[in-house]
Amino acid sequence: MIAPGLPTPFAEDVLDVVASIPPGSAASYGDVARRVGRGGPRQVGTTLSRYGSGVPWWRVVRADGSPAPVLADEALRRLAAEGAPLAADGARVDLRRARPWPDPALSDPGG
DNA sequence: GCAATGACTGGTA
DNA sequence: TTACCAGCCATTG
């Protein structure tokens, strides 16, 4: 039971990774694509748009921490409700602290 | 098989 | 920090 219709093998991996993101955390499309090891950030977004109806898609945002314009309202509400580290703008997520897969190369050297 | 589309990303000014 | 451009790759018609 993966998703409605027939998601491609690539989509299955994407959905699996997104579903692996714990509540209160968030990751970027690029991060998910890297976890999948195939395709790119655009494929992750396109896949979620078609099969993301069964995964916490709101935990996936752009590289700058802001969700897509068609999700900004919904995603930000879900993230704030889960206690995700939002930025001072309240319209972005602090991936630096929300990232479920901390990268030593992306860690904040000053923080 | 070809061309077009898309919930993106990184570098430069 | 904000804005513009080119690259990337799977899915769709």
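Just so we're on the same page: letters track the sequence lines, and every chain starts at 1.
For the pair A:Trp57 CH2 and B:dC8 C1', the interatomic distance rounds to 17 Å; values are reported in whole Å. Here B:dG6 presents its P atom at 15 Å from OH of A:Tyr29, a figure rounded to the nearest Å. Note: OH (A:Tyr51) to C1' (B:dG6) measures 14 Å, nearest angstrom. Between the CZ atom of A:Arg62 and the P atom of C:dA3 there is a distance of 12 Å, rounded to whole Å. Going from atom CG of A:Leu95 over to atom P of B:dC8 covers 14 Å, rounded to whole Å. Between the CG atom of A:Asp89 and the C1' atom of C:dT1 there is a distance of 11 Å, given to the nearest Å. Spacing between atom CG of A:Leu15 and atom C1' of B:dA7 amounts to 13 Å, rounded to whole angstrom units. If you take CG of A:Leu71 and C1' of B:dC8, they are 13 Å apart, rounded to a whole angstrom.
The side chain of A:Ala63 has B:dT9 as its nearest neighbour among B:dA7, C:dA10, B:dT9. The A:Gln43 side chain lies nearest to C:dA10 when the options are C:dA10, B:dT9, B:dA7. Checked against C:dA10, B:dT9, B:dG6, the side chain of A:Thr8 finds its nearest nucleotide in C:dA10. The side chain of A:Arg42 sits closest to B:dG6 out of B:dG6, B:dT9, C:dT11. When the nucleotides B:dA7, C:dT11, B:dT9 are ranked by their closest atom to the side chain of A:Ser49, B:dA7 comes out on top.
The two atoms that bring A:Ala80 and A:Leu86 nearest to each other are CB-CD1, 3.7 Å, heavy atoms only. Nearest heavy-atom pair across A:Ser28 and A:Leu95 is CB-CD1, 4.0 Å.
If you check every strand for non-hydrogen atoms under 4.0 Å, A:Ser28 touches sugar and phosphate atoms only.
Annotation: side chain of A:Val18 is in contact with side chain of A:Leu48 (closest heavy-atom distance under 4.5 Å).
Between the A:Asp89 side chain and the A:Ala91 main chain, no donor and acceptor come within less than 3.5 Å of each other. A donor-acceptor contact shorter than 3.5 Å links the side chain of A:Thr46 to the backbone of A:Arg42.
In this structure, A:Arg50 reaches the C:dT12 phosphate: one of its side-chain N or O atoms is under 4.0 Å from OP1 or OP2.
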